[in-house]
Structures are given as structure tokens and as C-alpha cells.
Amino acid sequence: MSSDTRFDPSSADARWQNAWEEAQTFRADSDSPKPKSYVLEMFPYPSGRIHIGHVRNYTMGDVLARYKKATGHEVLHPMGWDAFGMPAENAAMEKGVHPGGWTRDNIEHMKAQLKRLGFALDWSRELATCEPDYYGHEQALFIALYEAGLVYRKESEVNWDPVDMTVLANEQVIDGKGWRSGAEVEKRKLNQWFLKITDFAEELLEGLGSLENWPDKVRLMQENWIGKSKGLEFSFDLSPTGLPANRATKIPETLPVYTTRPDTIFGASFVAVAADHPVAQAIDSDEAREFIALCKRGGTTAAELETAEKLGFDIGITAKHPFTGADLPVYIANFVLMDYGTGAIMAVPGHDQRDFEFATKYGLPIPRVVAPGVEEAGKPFDGEAEAGEGVIVNSDFLDGMSVEDAKREIIRRIEEQGRGTGKTVWRLRDWGVSRQRYWGTPIPFIHCDACGVVPAPKDSLPITLPEDVDFQTPGNPLVRHETWKQVDCPKCGGKAERETDTLDTFVDSSWYFLRFASQPDDRPFDAEEVAKWLPVEQYIGGIEHAILHLLYARFWTRALAHIGQIEVKEPFASLFTQGMVTHETYSRKEGGKTVYYAPDEISREAERALLKDDGGEVEIGRVIKMSKSKKNVVDPDTIVDSYGADAVRWFMLSDSPPERDLPWSEAGIEGCSRFVHRLWRLFSAYDAGAQGDDKALDRKTHQTVAAVADDIEALGFNKAVARIYELTGAVEKASPSASRSAAIRTLVQLVAPMMPHLAEEAWAGMGMEGLVADAPWPDVDPALLVEDEVTIAVQHKGKLRDTLTAPKGAAKEDLEAMALASEKLQRSIHGAEIRKVIVVPDRLVNIVT
RNA sequence: GCGGGUGUGGCGGAAUGGUAGACGCCGGGGACUUAAAAUCCCCUGAGCUUUGCUCGUGUGGGUUCGAGUCCCACCACCCGCACCA
């Protein structure tokens with residue numbers, strides 16, 4: 001190879017991308033006898049442009065996929081598009097384009113961007129969720145779940161934007177106003193479709209235990225979200241003691257409450273119901289209605305809840321304590337939630353902070369029923385409730401019991417009385433999947449006045465979205481589309497109407513990994529093919545999906561297993577959540593306003609940053625997540641243009657551990673680019689005919705191969721990168737030899753998963769056969785992994801005094817003698833008496849005086 | 001409030017209880033060049049009375065021959081959930 005040619009990514013990148021495509025290098029063959037490996041990154045929403053965060057995500061997956069291929073696996077590494085969603089409709093409203101056209105243009109553009117980065121993807125399996133050949137199968141699955149009783153309709157309260165005429169997700173309501181229209185959001189009751197995820201609450205919780213290769217953080221978040229709590233549901237008998245007779249009629253005789261602390265029942269000093277509880281609603285008084293309205297007005301932001309005062313309204317009835325017979329006052333309280341438990345509580349101020357604050361405010365008794373020990377039954381409270389462990393006191397037959405024993409005893413007695421039962425309550429709610437939106441999967445149901453809700457016949461699928469829609473009128477265009485809407489009832493043949501709601505886009509992403517595994521025309525997937533590839537061996541994506549997407553996908557997989565369509569129960573064997581790409585910000589005060597500048601408008605010096613336009617100094621702000629508003633974004637296309645795909649990929653893997661944030665910097669990418677060219681110079685100096693051994697270099701090479709393999713398998717890309725730098729330095733310094741030539745060949749292979757274009761170019765230049773992408777991972781000779789000489793630390797009382805070189809495996813006595821011969825050590829000991837000698841073979845000698 | 005995480009040079013970060021700071025970036029010095037770019041070499045935690053010594057991994061304790069690593073308490077920052085009975 002000639003050493004004066006420079007590596008030119010602008011021609012080499014495309015050349016090798018074409019070579020892989022022609023050779024179908026990354027096409028997954030499900031009939032291959034090799035062990036299967038399914039590597040998947042969370043598929044993108046086609047917003048228009050690839051973001052640098054995508055590049056980091058896909059680069060990690062790509063390194064793993066290429067490594068898996070090199071180590072003898074048949075790899076499935078697909079890519080697709082999570083293509084339904086609101087931005088397409090917003091674009092339609094703002095720019096007058098069709099959501100479909102907008103989305104498909106974006107996909108085309110982003111696909112070209114991804115191809116420029118040289119990802120080892122099987123594009124033959126590409127899918128987009130907005131195409132009928134995807135969502136039609138989703139409709140079939142939805143009907144199958146309906147037939148299995150896992151889909152139902154229920155009237156439920158939604159956030160309604162009266163201007164945009166649509167339902168808003170909670171995240172889209174900002175300070176009580178619609179995020180787009182700014183209109184005051186109304187609560188409306190609408191018939192909505194639900195998936196019975198709560199049927200799987202126990203399974204989804206227990207399944208977390210088997211997901212050993214998921215981050216603990218994600219498992220905990222899901223655990224908390226599912227929110228299992230064990231307790232007791234029981235009823236109080238109500239009497240309208242303090243209520244005028246004419247108001248008492250609507251009050252029920254009993255009031256069910258739920259508690260997780262039945263052991264503290266003797267400490268109950270009042271009962272409280274939520275503002276929208278039927279008992280509260282039944283009170284026929286202006287004051288009560290006023291109070292209820294006040295409760296509803298309360299904000300739900302963190303800050304408001306933190307400072308919100310506990311407020312109550314005594315409704316003048318009493319609840320009879322099931323054991324003491326005492327009459328407890330019943331309040332409407334602003335801190336009781338209707339949608340958890342029964343919407344009513346027994347309040348134990350001594351052992352619940354909220355109840356404590358309430359009781360303090362309204363002068364209610366605060367009895368102690370749990371104490372550190374029996375002799376402390378009279379201990380006063382120190383300004384707050386004590387929620388911890390202890391022994392039960394002041395509680396009749398429970399006195400002296402542990403909290404756990406007392407819980408069991410109360411549940412037993414309440415059940416014996418027929419007054420209630422031990423119960424498990426979940427925080428998890430059923431999944432509402434209705435969206436009053438156009439750009440989503442049409443829910444395949446038909447409303448018939450005579451027959452009710454009827455599933456669309458299977459042979460009518462896919463039910464496709466009509467193309468002739470307009471977005472200039474607010475609201476869901478499907479509702480206004482009379483010809484699309486009108487349909488004959490499949491049951492009675494009479495006039496009927498299609499459902500106009502579409503499915504939440506999280507449904508689309510709940511099974512796409514199954515469709516990647518096999519794509520038959522006549523059904524969503526082939527169970528046998530799914531069994532070959534699933535579960536996904538490594539799933540990589542952002543932490544922001546820790547709960548919703550990852551929980552929904554787990555649920556959907558279990559639901560499909562439940563109805564016998566697949567065997568696999570957990571879709572993702574290993575999960576990795578990568579950090580964000582961050583960048584410092586550049587800003588300057590201009591006329592009292594902070595103006596941000598993009599990195600390419602700035603020339604960055606060591607200590608300061610100047611605006612290119614006028615040479616003025618701008619303030620360098622914190623390193624934060626890239627966002628358009630702070631202008632601290634870099635565009636993947638631009639940097640690939642400047643540095644080539646390999647330098648960008650290398651940067652994505654260098655320095656920061658993959659789970660942490662990666663600060664983007666101009667200096668950093670330039671360093672990576674320098675390294676690409678440095679490697680190229682080294683590869684260009686390859687001499688296939690060089691003679692002679694270099695044992696030390698052989699060792700370094702083999703050690704590096706083994707270490708890089710371990711690092712990649714553990715996704716420790718930053719460490720693999722550091723080792724490759726080390727080996728590069730060692731090879732550069734070595735004199736020509738057969739060993740050095742072998743080391744260069746090996747180095748090409750080690751960088752191939754990370755810098756595939758450079759590696760192919762070098763591989764071809766060295767006259768190697770085939771593509772490096774098809775080459776097996778270099779063999780490691782275990783004998784070369786161990787050094788024959790080691791450096792021994794010589795310590796005095798644990799402090800380093802000297803180091804010495806000894807043969808590997810030297811005897812303890814020899815090491816001790818060598819250490820004691822050290823002049824530096826002797827100077828430190830200074831004639832003191834040696835009390836102890838610790839020798840760790842091959843590591844150190846520590847002299848204790 | 002509850003749950004979880006993180007804290008190491010100027011910066012990103014290495015380090016099975018065993019030589020702290022690998023590797024990269026920034027910075028400094030030098031070589032090559034008419035010059036620049038590119039490249040190469042050397043230095044680069046702090047301090048000191050500099051053959052060497054002392055200090056040093058958020059703070060304070062502890063265990064150990066030996067602690068960035070293990071234990072206890074605290075501080076700061078980040079993330080998730082949140083009036084969930």
C-alpha cells in the first residue's frame with residue numbers, strides 16, 4: 001500500500017456502504033444453523049431529521065451487531081419507523097400538507113441519513129407503522145385481544161381541548177390549558193377503549209424478577225408504577241348523628257375504606273372521603289358543594305401539592321369503629337383520592353403524616369398505637385407522625401404484637417365478622433388507547449344501533465385511513481368523513497358507523513419487534529420465526545421509555561402469549577439505557593433578553609467563545625441536553641460531511657461510559673478524526689512480508705483482543721476504545737516484524753465494528769480476501785494472555801516505597817527477600833523492628849513495622 | 001416526602017480491597033518547515049527544603065497490613081414517583 005494517500009471518507013464511506021448492500025452482508029437468515037442474536041435499538045419517530053442522540057443509540061447497537069456477527073452469530077439487526085403520531089397532524093395543520101406525505105418524506109430523508117453512517121442494518125425488514133401492511137395486522141391483533149376479553153369500552157373522564165376539539169394527554173395540559181391552543185381544558189366524559197393491562201399486573205411485576213439484565217433502576221421504576229400494596233378493605237357502619245333529618249336520606253348505611261395499616265385500627269380518630277366520593281356528592285348543602293368545588297380547583301403540580309394545606313369539611317355523620325364502637329366523625333378531605341382504593345380512608349393521625357396534619361389542624365385526637373416498646377405506650381409525638389416499625393400499644397387485644405402479626409389478626413377478625421376482606425390494591429390502571437386523532441391506527445370496530453359494538457370482519461382488514469381529509473377545521477377529520485364512516489353492520493346488515501377513534505401510538509410500538517422477526521402477508525407474524533429470534537438479545541434505547549413503552553411492550557407480549565399466538569413472555573432479555581448527548585450553550589444578553597447562538601456561529605478558544613459575526617464574546621453556559629430552544633444542537637449530516645462517518649461513530653463511543661451523558665465538543669470530534677487518519681497511516685505501512693517475532697507485541701495484541709471482546713459484550717465501549725488507543729501506540733512504536741504485521745491486521749479487525757469504512761478500506765488495501773465485515777473475530781491464544789514478568793509493589797505499612805520486577809509466579813520468600821533488598825524500603829523502615837510481612841504473589845510485598 | 005443514582009486532575013473518565021489518575025481532550029515545551037497546516041517527541045494532580053519527600057478520590061468517622069473501592073453518619077447534585085391511605 002502506498003503511504004502517501006490520505007483516507008478520504010467522502011468517497012470511501014459510500015463505496016463500502018454500496019459493497020455491503022450489494023453483498024447483502026447484513027441480511028438476517030432465519031434458516032441459518034448459527035446461533036441467533038437479535039440486536040435492536042428503539043425505532044425512531046420520523047420527525048424529519050436524525051438527531052445526534054439517534055446516532056449514539058444506533059452506533060452502540062451497530063458495534064454489538066457487527067461484533068456478534070464476527071463471533072459466529074446469525075444477527076438480526078433491523079430498523080423501522082414509529083410513524084404515527086401528532087407531529088404529522090400538526091404539520092398538516094400548519095403547512096397544509098398531508099400527514100402521510102409529510103411522514104413518508106421524512107422517512108426517506110432519515111433513511112438516507114442513517115445509511116450515510118454505515119449501520120449494519122437488514123433494510124429488507126424495514127417497516128413503518130403508518131402503512132396498512134403494518135397497522136392492518138395490528139387491527140387483527142386488537143380484535144383477537146377483544147375476543148379474549150382483554151379489550152373493553154368504558155366511559156371515562158378525559159382532558160378535552162374545546163378549541164382543537166380533541167382529547168389531550170396529561171402531558172399536553174400545561175397549567176390547565178391546552179399546549180397548542182392555550183384554551184382552558186375541560187373534563188369530559190367520553191366512551192373510550194381500554195386494554196386490560198391490570199389483568200397482568202401480578203405477572204408483569206413478577207416477571208421483573210427474571211429480567212436480570214435490565215437496569216435495576218428501570219425495574220424499580222416499573223415496580224413502583226405497578227404499585228402493589230397489600231391491605232384490608234372493610235366497611236364502617238354510618239349513622240347520620242349530626243345531620244338534619246331531611247339530608248340523611250341519600251347517605252348509604254355503610255362506607256367501605258381501604259388501608260394498608262389495619263394494625264393501627266385502634267388509632268383511627270376520624271374517617272375521610274374524597275371530594276368526588278358518592279357520600280360527599282350526596283350531601284345536600286351549599287357549604288359542602290362549595291368545599292367540593294374548592295378541592296377540585298387545587299392544582300396538581302409538585303410544588304402545589306408540597307405546600308397544599310390539608311383541608312376538610314365535617315359532613316355531620318359518624319362512622320362506628322368496628323372494635324371500640326366509638327363514633328368517628330366523617331370528613332370530606334382534599335387529600336383523599338377517588339381513584340385509589342375505595343376513595344375513602346380510616347385516618348390514623350399518629351402513624352400517617354397526612355392524617356397527622358389534618359388532625360392537628362382540626363383538633364382531632366392523635367392516639368399512639370405503635371411504640372418502640374411496650375413501656376413507651378405514653379410517649380408523646382414529636383410534631384410528626386411515626387410511620388415506622390414497633391410494637392402495638394393502646395390497642396386492646398393487639399397490645400404487644402408486632403406490626404405484621406397485628407395486621408394478620410385484624411384481617412382475620414374483620415373477615416370473621418363478615419365486615420371486609422384482605423385485599424391487594426394496584427396503582428396500575430387499565431390502558432386507555434382511544435385517541436380522537438386522524439394519524440393513527442383506526443380502531444377496527446363498527447357501531448350499530450341494533451347490534452351495539454361489532455368487530456370489523458377479518459376480511460375487511462386493513463381498515464385504511466381515508467386520504468381525502470382536511471385539517472383546516474379543528475377536530476378529528478374521521479368524524480367528518482361521512483363516506484368513510486358509513487358502513488353496513490357486519491351482523492345485521494343495517495346502517496352502521498365506523499369507530500372514528502384511532503389507537504394510541506404506544507400500541508404500534510408494543511409489537512413491532514415481533515413483526516421484524518417475520519413478515520407474512522396474511523398474519524401479523526409467524527410464530528415459528530418469532531420463536532427463532534425472540535427474545536431480543538439486547539435492546540438499547542433512552543431511559544425516557546423506562547415505564548410506558550417498555551411496560552406496554554411487556555404487556556402486549558404477555559397478552560399475545562396468553563391467547564396462544566406466541567410462546568415468548570418477555571420480549572427483551574437485556575435492556576440498556578444510554579445517556580444523552582449534551583453540549584455547552586452560548587448566549588449573550590441583548591436588550592435585556594438572553595439570545596442563544598448555535599455552535600457553528602461560534603469560534604471556541606481555550607477559555608472563551610467568540611461570535612463569528614462580530615467577534616464579540618459570548619457566555620459559555622452549562623453542558624446540557626441538546627435542544628432547539630438553547631440552540632446547542634449539532635446536525636449529524638454536517639459533521640459526517642466534515643469528518644466522515646467513522647470519526648463520528650468513534651466519538652459516540654469514546655470517553656463517556658455509554659449509560660452516562662456524552663458532552664459533544666468540536667475538539668473531541670477533531671481528536672477522533674485525527675485518530676482515523678493516524679490509524680490509516682499505520683495500516684498503510686502494513687508489510688505482509690515482514691519477518692521475525694516480537695513476543696511482547698504478540699502478548700499486547702492478544703490481550704487487547706480478549707479485553708476488547710469483554711468490553712464490547714459488557715457494552716463498555718469507552719474502555720474498548722481506550723484499549724485500542726493503547727495497542728495502536730504499541731504497534732506504532734514496534735519495529736517491523738511478522739508480529740507487527742499480524743498486530744496491524746488484528747487492529748483492523750478490532751476497529752471494524754466501530755469504524756467499518758476505514759477497516760474495509762484497509763482490509764482491501766492489505767490484500768485480504770472478502771469483507772472485514774464477514775471476517776471472524778481474531779483468535780486469542782490463552783498462553784499469550786499472561787505476562788512472564790510482573791511488577792511488584794514494595795510497601796512499608798501500606799505506603800508505596802519502591803517497585804521491582806520479578807518473574808511471574810515467584811515464590812513468596814523470594815519476593816520478600818527481593819523487597820527487603822530495596823534501598824528505598826530500608827531507608828523508610830529506618831531500622832525499626834519488622835512485625836509482619838504480607839506478600840500477595842505477583843502483586844506486592846508489604847512490610848509492617 | 002418516598003425510591004434510586006452520582007461525586008476521582010483544567011475537562012470526559014480508568015482502576016477483581018493491593019503501584020490512584022489508564023486512555024482521550026485541553027494546555028506547555030521542542031523537532032521538521034522560508035512559513036503555516038499536518039505529523040512526530042517530551043512535559044502536564046497539588047505542594048515542598050526536589051537523588052527525594054508530603055498531601056491527594058465530596059465531608060467526618062470506622063473496619064483492614066493496606067480503602068476511590070467495604071461499613072456508619074452527613075453534604076451536594078441528578079433522575080423517577082408523588083396527598084397511592
Side-chain angles (χ1 to χ4, degrees), chain A residues 6 215-225 227 229 231-232 257-261 264 272 274 298 300-302 304-306 308-310 333-337 339-348 351-355 357-358 384 387 425-427 543-544 546-547 582 584 605-607 623 650-651 654-657 659-663 665-672 674-675 677-678 681 716 718-729 732 791-803 823-824 827-828 835-840 842-849:
Chain A
R6 220 172 130 74
D216 289 343
K217 179 190 173 84
V218 174
R219 290 199 287 179
L220 262 159
M221 280 164 71
Q222 293 211 354
E223 190 181 319
N224 292 337
W225 186 265
S229 67
L232 169 69
V257 299
Y258 176 74
T259 177
T260 55
R261 293 295 304 272
T264 62
T300 51
T301 66
E304 284 171 313
L305 290 177
E306 198 87 17
E309 203 179 355
K310 303 285 176 284
N334 64 343
F335 67 92
V336 179
L337 304 174
D339 58 0
Y340 186 81
T342 62
I345 60 161
M346 71 166 197
V348 184
H351 307 285
D352 181 287
Q353 185 58 27
R354 294 155 299 176
D355 300 351
E357 287 168 28
F358 190 94
E384 58 182 17
V425 166
W426 304 86
R427 187 184 170 281
I543 185 71
E544 67 273 19
I547 297 174
T582 57
E584 57 190 21
E605 297 174 6
E607 300 292 331
V623 177
W650 188 251
F651 184 91
S654 303
D655 293 348
S656 288
E659 68 277 9
R660 285 208 218 161
D661 289 350
L662 171 68
S665 76
E666 201 67 20
I669 182 68
E670 269 164 18
C672 292
R674 273 203 298 277
F675 185 60
H677 293 294
R678 181 177 154 201
R681 284 191 299 276
N718 58 321
K719 293 187 223 170
V721 162
R723 293 185 200 282
I724 288 171
Y725 274 116
E726 272 188 74
L727 180 61
T728 303
E732 283 170 338
T791 306
I792 304 287
V794 178
Q795 298 180 340
H796 176 210
K797 291 197 283 192
K799 288 200 172 179
L800 184 72
R801 292 300 162 203
D802 202 358
T803 57
E823 196 186 312
K824 287 178 187 169
R827 210 183 313 147
S828 177
R835 303 211 323 262
K836 202 171 175 184
V837 179
I838 287 136
V839 182
V840 181
D842 297 335
R843 284 236 102 130
L844 62 83
V845 179
N846 186 12
I847 308 293
V848 185
T849 56

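So you know, we letter chains A, B, ... as the sequences are listed, proteins then strands, and number each from 1.
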Look at the side-chain N and O atoms of A/R261 and state whether any lies under 4.0 Å from the OP1 or OP2 oxygen of B/C84. no
Using a 4.0 Å heavy-atom cut-off to protein, can you give one letter per nucleotide of nucleotides 42-49 of chain B, 5' to 3': B if the base is in contact, S if only the sugar-phosphate is, - if neither? --------
Are any of A/R678's side-chain N or O atoms less than 4.0 Å away from OP1 or OP2 of B/A38? no
Side-chain atoms of A/W225 come closest, of B/C23, B/C81, B/A20, to B/C81
Heavy-atom donor-acceptor pair, A/R843 side-chain to B/U16 base, under 3.5 Å: yes
May I ask you to say what A/L844 touches in the nucleic acid, namely base, sugar-phosphate or nothing, with a heavy-atom cut-off under 4.0 Å? base
Is the phosphate of B/A15 approached by A/K719 (side-chain N or O, under 4.0 Å from OP1 or OP2)? yes
Phosphate contact (B/A85 OP1 or OP2) by A/Y340 side-chain N/O below 4.0 Å: yes
I'd like to know if A/K310 reaches the base of B/C83 with its side chain such that a donor and an acceptor end up less than 3.5 angstrom apart. yes
Any donor-acceptor pair under 3.5 Å linking the side chain of A/N334 with the backbone of A/K310? no
In whole Å, measure the gap between the P atoms of B/U57 and B/G68 for me. 7 Å
Given 3.5 Å as the limit, does a donor-acceptor pair link the side chain of A/R801 with the main chain of A/R827, or not? no
For B/C55, does either OP1 or OP2 sit under 4.0 Å from a side-chain N or O belonging to A/K799? yes
Counting only side-chain nitrogens and oxygens, does A/R427 get under 4.0 Å of the OP1 or OP2 atom of B/A82? yes
Dot-bracket for RNA chain B, please, read 5' to 3', with Watson-Crick or G-U wobble pairs under 3.5 Å on both distances, ( ) within the strand, [ ] crossing, | other strand, . unpaired. (((((((..(((.....[....))).(((((.......))))).((((...))))..(((((..]....))))))))))))....
